[in-house]
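So that the names make sense, note that chain A is the first sequence line, chain B the second, and so on, each numbered from 1.
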Amino acid sequence: MRITKKIKAEQVAILEAVYSDVKPALRFRNPFELLIAVILSAQCTDVRVNITTERLFAKAPDAEAIIAMGLAELEKEIKDCGLFRNKAKNIMATCHILAEEFGGQVPEDFDTLLKLPGVGRKTANVVTSIAFNRPAIAVDTHVFRVSNRLKLAVGETPLEVEEGLMKAIPQTLWSQAHHWLIWHGRRVCKARKPLCEECPLGEVCPSRGRV
DNA sequence: CTCCCGATAT
DNA sequence: ATATCAGGAG
């Protein structure tokens, strides 16, 4: 199958129709909680992150409280999420920067977010898009895999896919499209055993049956 | 490129 | 038993 702009537009239309009601899987009450939840979500399921953050934020709901808790205690709190030494160190360093440079608040500027320890392009895009409601497409493992399989956006790096998606999708839909692709990736276009037979995008997917 | 890493799905 | 999970840093 040759992927034309018309087919990409059809893929976007189907995704929008099927996944119009999806919302973020990570639970959070403010930009700070979202930032910490996304840092924790690396190589970890959203279900496990939600269990962890509910306990963590009950004890330490902001940057000052996490600093007061100390690194050893923070490591215990987030251990179940994996990569816990790196994540704890990064979260602690980020909390210090937030407390000392931004009055405990999460900065809205994208490049400022990127400089925070443990915050890469994907996390910065999630915060930009979801917490601050500005157009951005965060490319995580699901978005990367689904975009490449559909050839909606092809690339060997998340940045290449992000740029391709921004061309293929109207800016007003960027933030939603991120969620469409994630949900599609989890429920249907799964990494291990994709459900091509029951995929609503089967007719417009060049990878159908050969993954 | 490698390392970090426990929990979960298959 | 192994692949994968809302990645990022060195």
Starting at [atom1] of [X] and ending at [atom2] of [N], how long is that distance when rounded to a whole Å?
X        : N     : atom1 : atom2 : answer
A/Trp183 : C/dA6 : CH2   : P     : 10 Å
A/Glu75  : B/dC5 : CD    : C1'   : 12 Å
A/Lys193 : C/dT2 : NZ    : P     : 20 Å

Stacking of A/His178 on C/dA6 base (centres under 5.5 Å, planes under 30°):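 Stacked: centres under 5.5 Å apart, planes under 30°.
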
Measuring to OP1 and OP2 of [N], would you say a side-chain N or O of [X] lies under 4.0 angstrom away?
X        : N     : result
A/Thr123 : C/dG8 : yes
A/Arg121 : C/dA9 : no
A/Thr45  : B/dT8 : no

Along DNA chain C (nearest heavy atom to each residue), the more 5'-positioned of A/Ala191 and A/Gly118: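 Per heavy-atom nearest nucleotide, the more 5' residue is A/Ala191.
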
A/Gly120 vs A/Lys190, nearer the 5' end of DNA chain C by closest nucleotide: A/Lys190

Within 6.0 angstrom of A/Glu10 CD, more than 12 heavy atoms from elsewhere: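 Yes, because the 6.0 Å sphere around CD of A/Glu10 holds more than 12 heavy atoms from other groups.
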
More than 12 heavy atoms from other groups under 6.0 Å of CZ on A/Arg187: no

Using a heavy-atom cut-off of 4.0 Å across all strands, would you classify [X] as base, sugar-phosphate, or nothing?
X        : answer
A/Leu116 : sugar-phosphate
A/Val47  : nothing
A/Pro158 : nothing

Integer angstrom distance from the [atom1] of [N] to that of [M]:
N     : M      : atom1 : answer
B/dC5 : C/dG10 : P     : 14 Å
C/dA1 : B/dC4  : P     : 23 Å
C/dA6 : B/dC1  : C1'   : 23 Å

Out of [options], whichever nucleotide has its closest atom nearest the side chain of [X]:
X        : options             : answer
A/His142 : B/dC5, B/dA7, C/dC5 : C/dC5
A/Leu83  : C/dA6, C/dT4, B/dC4 : B/dC4
A/Gln43  : B/dA7, B/dC5, C/dA6 : B/dC5
A/His179 : C/dA6, C/dA3, B/dG6 : C/dA6
A/Pro24  : C/dC5, B/dG6, C/dA6 : C/dA6

Salt-bridge contact A/Arg208-A/Glu203 (side-chain N to carboxylate O under 4.0 Å):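 Salt bridge: yes.
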
Polar pair under 3.5 Å, donor/acceptor by atom type, side chain A/Arg48, base B/dA7: no

Straight-line distance of A/Ile182 CD1 to A/Trp180 CH2, nearest 0.5 Å: 13.0 Å

Aromatic ring proximity, centroids under 6.0 angstrom, A/Tyr19 and A/His184: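 Ring-ring flag for A/His184/A/Tyr19: true, centres closer than 6.0 Å.
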
Of A/Ile51 and A/Gly82, the one whose closest DNA chain B nucleotide lies more 5': A/Gly82

